[in-house]
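Here's the structure, in structure tokens; my notes come after.
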Amino acid sequence: QVQLIESGGGLVRTGDSLRLSCAASGRTSSVYAMGWFRQAPGKEREFVAVISWGGDITYYADSVKGRCTVSRDNAKNTVYLQMNSLIPEDTAVYYCAGRNGFGVPTTLSAYDYWGQGTQVTVSS
């Protein structure tokens, strides 16, 4: 099993930046891709970004492309999501997810492990 714990969320203003972290523990050697998803009130959980084990493959949702950067430090078993130029539409609970095996999917069902989420609120 793999445990994921997100941190770094908070209340910020439009235009501010935040860096979310996701610390993994347990059988982390089985995890290849790490993704970030978010869920706003009343909406379905949606894809934000994903990164491969080596960090050489990344994908982003169109809504965050150019404003967010996903990275990982395998020595620390930690994945990061740097978010810049935040807007109120970014307000959501942000979840990290881990996938066993190869592939860098953008769909929720492809992931095997999930964190409990961290709240990001952007005020206008």
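This chain uses plain numbering: 1 for the first residue, then up along the sequence.
Taking each heavy atom of P105 and A33 in turn, the nearest pair found is CD-CB, 4.4 Å. M34 and G98 get closest at one heavy-atom pair: SD-CA, 3.6 Å. Between S17 and N84 the shortest heavy-atom distance is OG-OD1, 3.0 Å.
Residues F102 and Y32 place their aromatic rings such that the two centres sit under 6.0 Å apart. The six-membered or imidazole ring of F47 lies away from that of W36, with a centre-to-centre distance of 6.0 Å or more.
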Walk me through it: do D16 and R13 pass the test salt bridge (Lys or Arg N to Asp or Glu O under 4.0 Å)?
CA-CA 6 Å; D16 285 351; R13 295 181 177 180; 5.9 Å; no
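Atom CG of L81 and atom CZ of R38 lie 9.5 Å apart (nearest 0.5 Å). Distance check, rounded to the nearest 0.5 Å: CG of L20 to CE of M83 gives 4.0 Å. Distance check: S63 OG to I87 CD1 gives 8.0 Å after rounding to the nearest 0.5 Å. In this structure, L18 CG and L86 CG are separated by 5.5 Å, a value rounded to the nearest 0.5 Å. Rounding to the nearest 0.5 Å places OG of S21 at 13.5 Å from CZ of R72. With values rounded to the nearest 0.5 angstrom, Q39 atom CD is found 10.5 Å from Q119 atom CD.
A donor-acceptor pair under 3.5 Å links the side-chain atoms of T91 to the main chain of P88, judged by distance alone. Formation of a donor-acceptor pair under 3.5 Å by the R27 side chain with backbone atoms of V2 is not found in this model. Remark: side-chain polar atoms of D73 are not paired, donor with acceptor, to backbone N or O of T78 under 3.5 angstrom. The backbone N or O of W53 lies less than 3.5 Å from a partner atom in the side chain of N74, making a donor-acceptor pair. Remark: side-chain polar atoms of E6 are paired, donor with acceptor, to backbone N or O of C96 under 3.5 angstrom. Checking side-chain atoms of Y80 against main-chain N and O of T69 turns up no donor-acceptor pair under 3.5 Å. Checked by atom type and distance alone, the side chain of T106 never pairs as donor or acceptor with a backbone atom of A49 at under 3.5 Å. A donor-acceptor contact shorter than 3.5 Å is absent between the side chain of T121 and the backbone of L11. Of the possible donor and acceptor atoms, one in the side chain of Y60 sits under 3.5 Å from a partner among the backbone N and O of V70.
Hydrophobic cluster membership differs between L4 and V93, with clusters built from Ile, Leu, Val, Met, Phe, Trp and Tyr side chains linked at under 4.5 angstrom. Residues V122 and V48 are members of one and the same hydrophobic cluster, defined by side-chain heavy-atom contacts under 4.5 angstrom among Ile, Leu, Val, Met, Phe, Trp and Tyr. Hydrophobic cluster membership is shared by V64 and V12, with clusters built from Ile, Leu, Val, Met, Phe, Trp and Tyr side chains linked at under 4.5 angstrom. A continuous path of Ile, Leu, Val, Met, Phe, Trp and Tyr side chains, each step under 4.5 Å between heavy atoms, connects Y113 with V79, placing both in one hydrophobic cluster.
For the pair F37 and V50, the minimum side-chain heavy-atom distance is 4.5 Å or more. Between V31 and N100, the closest side-chain pair of non-hydrogen atoms falls below 4.5 Å.
Geometrically, R45 engages W114 in a cation-pi contact defined by less than 6.0 Å to the ring centre and at most 45° from the axis.
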